[in-house]
Amino acid sequence: MPSKKMTAAIHNDLPKNLTFRQCLQHLYTFIRPNQKKLWAGLVMVVITNLTYIAMPVAEGRITSQLQMDVTAANGGPIHVQMDVIVHLITILLSIYVVKITGQFLSTIWMTDSIQKTMYDLRNAIEHKINRLPVAYFDAHKTGDLLSRITNDVETVSNALQQTLSRIIGAFLSTTLILIMMFTINRVMFGMVVLGIPLIIAISVFIVRKTQPIFDEQQEALATLNSTVNEMYGGLSEIMIYNQQDFAKKAFDEANERMYKTSFKAQTLSGQIGPWTTIVIYIEIGLCCLYGIFQVISGHLMLGSLQAFIRYIWNVNDPLSQLSSLSSAVQSAFSGMNRLFSFLDLDEEEQTVTKKPIDEIKEIDFRHIRFSYTDQPLMEDVSFHVDRNQTVAIVGHTGAGKTTLTNLLERYYPLDGGQIAINGQNINDLSFEDLRDLIGLVLQDPWLFEGTIEENLKYARDNLSDEQIHKAIETARLTETLAALPDGLQTELNEDAQNLSQGEKQLLTIARALLKDPKILILDEATSSVDTRLEKRLQAAMNEVMKNRTCFVIAHRLSTILNANLILVMDHGDLVESGTHEELLARGGTYARLYNSQFQDSDLNLAE
């Protein structure tokens, strides 16, 4: 049976459906270190909304003053008290200045706080990725991770940047507007208040209906990213097999799903605005009709009616904002749900090294049991490796060769048994200390965009020029660099496509040499190299393998004839072990593999 940790790693990202409150609690842990400027920005939002409420009052006072001046004339010459009007206009202009200043400062302070929060959140995701079990990455697409660290974070960032201040402002201004309405006329205030429960009911109903659709929208976006990533990663294969139509079909399906979920989510959430506006327009009509009669009867000043009508429009604005922002809030909630459920995944258990290892004396695999699924792969694998021995691992594809070295690197937890170095269980070493002992050269060399020198320096910090040049010489890379116009400063493009497969392999060997590992793993490093470079590559590998304990996963058996120990794997089981001569003499699985390869080779020569 698979270990509990491994099962959790594979299935652990199933949606946890965190509540909105739980998402906010997670989010606050990232906001807390940057909250000073956020609170300062929100104070500016409050001040801005106070000016927003004060403006209709000041404007109404000007109208009421003009009304009083006209009424006081009683049919005679109208004397406008310009000193009062100018004073009121000055107050109104001051309010405008405070409003603009508050908006400016709130934008700067909140942007600084929110972007620092997003910076910390992206760092947390990157840190999480580095501490997840390898099994998680086996079971999940790269596009899904890409979507979390880019799209989901950006969705939350936009919600905080554009939505938070508007939501707070909307609630604050709505509350203050209602208070001002109440002080102007209670009957008209009652007309407005009666419509608010209906608006809330409409919003809540639509939000509940659309939230699951926004979750689907985020998942559809992750699927689309995965599809695009897969397409461009295998572009050469798509073109050579003329499968553009197949790739286009896969993209169209993901794109159509994205279109349908987005259309449905945005259309349904967009219904809040029109229904809210209908309710508010009915309220405006009723208040205007009642207010005109109040002004005519002398119970209400014209400026007060003007201010009240302005307040109705003003209360429509924040309510409309809340409805229009519902889609952004729901998308943000879906993004936070995906982000924080990801950050809650179980991590690899971090151990502290009990006894550091300076040199490799022996390595023991003791009764190893392991499985990827419910079906066991390895049930009882045991073997012993002495210092500086070369161990070759052979077998058919899927026999468990790479799995064996992955277990040594602690990429997966064992179901049973123990791997020990110098008698010490590798579980008693930290991941960093264990993997510092190991160098790796893969069949498909991994190089990043940058110069050749930068790729070499990836091996270890503080490398000298002398060390780099010695590694280049040892790895038989001198000829390759001499042919490049910029030598060590040659920029590698994506996937290092400006180098041949063999040249990339030589470069990774030089990098492994610069790490100076105590244990070296060579995973079919020569299987895809052309004949011209094979001798250079084999010579470089032989040089790198000197005075190291090496594990060589080999497809070409001719490359491992001198190995101290050959392990023959079959369906995860260790079926044979010994030297080349011993295994040939037994006439078993290894002998059949060896004779089969050399028969194929003889046939090729005969042709």
Side-chain angles (χ1 to χ4, degrees), residues 20-21 24 28 35 38-61 91-92 94-96 98-103 105-107 109-110 159-207 272-273 275-284 286-288 290-291 300 303-326 328-330 332:
F20 191 66
R21 181 178 179 181
L24 291 180
Y28 182 67
Q35 63 180 329
L38 179 64
W39 287 116
L42 292 176
V43 168
M44 289 298 104
V45 170
V46 172
I47 292 173
T48 301
N49 278 274
L50 289 174
T51 62
Y52 187 67
I53 304 306
M55 284 190 295
V57 175
E59 293 165 357
R61 287 284 300 275
I91 293 174
L92 186 59
S94 300
I95 293 172
Y96 287 151
V98 173
K99 180 176 182 290
I100 293 169
T101 304
Q103 288 175 325
L105 291 176
S106 68
T107 300
W109 289 340
M110 289 186 68
L160 288 174
Q161 187 73 53
Q162 302 173 17
T163 308
L164 179 61
S165 61
R166 292 166 69 185
I167 289 177
I168 292 174
F171 277 113
L172 180 62
S173 60
T174 300
T175 302
L176 294 174
I177 286 170
L178 291 175
I179 293 172
M180 296 302 293
M181 284 180 167
F182 182 80
T183 61
I184 293 172
N185 188 284
R186 296 183 182 182
V187 175
M188 291 191 294
F189 169 78
M191 294 178 185
V192 174
V193 169
L194 285 174
I196 292 177
L198 182 58
I199 292 172
I200 293 173
I202 291 170
S203 301
V204 170
F205 175 77
I206 294 177
V207 166
I272 296 176
W275 286 106
T276 300
T277 302
I278 289 172
V279 175
I280 290 175
Y281 279 167
I282 292 172
E283 292 175 346
I284 290 173
L286 292 174
C287 290
C288 284
Y290 177 81
L300 188 66
S304 297
L305 177 60
Q306 174 191 337
F308 196 94
I309 299 301
R310 175 73 183 277
Y311 278 134
I312 295 177
W313 285 109
N314 285 357
V315 81
N316 176 48
D317 185 48
L319 287 175
S320 296
Q321 281 191 35
L322 288 177
S323 62
S324 65
L325 292 173
S326 65
V329 172
Q330 288 175 281

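The structure displayed is predicted, hence computed values, not measured ones.
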From Ile91 CD1 over to Ile95 CD1, what is the distance, rounded to the nearest 0.5 angstrom?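 Output value for this atom pair is 7.0 Å.
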
Point-to-point distance, once rounded to the nearest 0.5 Å, from CZ of Phe308 to CD1 of Ile177: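 The CD1 atom of Ile177 is 11.0 Å from CZ of Phe308, to the nearest 0.5 Å.
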
List the residues meeting side-chain contact (heavy atoms from CB on, under 4.5 Å) with [X], not counting sequence neighbours, and say none if there are none.
{"X": "Thr101", "value": "Val97, Leu105"}
{"X": "Ile47", "value": "Val43, Met44, Val98"}
{"X": "Leu286", "value": "Met191, Ile282"}

For Gln103, enumerate each residue passing the side chain to side chain donor-acceptor pair (under 3.5 Å) test, keeping only those at least two apart in sequence or located in another chain.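 Once residues adjacent in sequence are excluded, Gln103 has no partner under the side chain to side chain donor-acceptor pair (under 3.5 Å) criterion.
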
Taking all atoms of both residues into account, what is the closest heavy-atom pair of [X] and [Y], and its distance?
{"X": "Gly102", "Y": "Thr48", "answer": "C-OG1, 3.4 Å"}
{"X": "Ser106", "Y": "Gly41", "answer": "CB-O, 3.3 Å"}
{"X": "Val187", "Y": "Asn185", "answer": "N-OD1, 3.0 Å"}

What residues form a ring pair (Phe, Tyr, Trp, His ring centres under 6.0 Å) with Phe182, not counting sequence neighbours?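 Listed in chain order: Phe189.
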
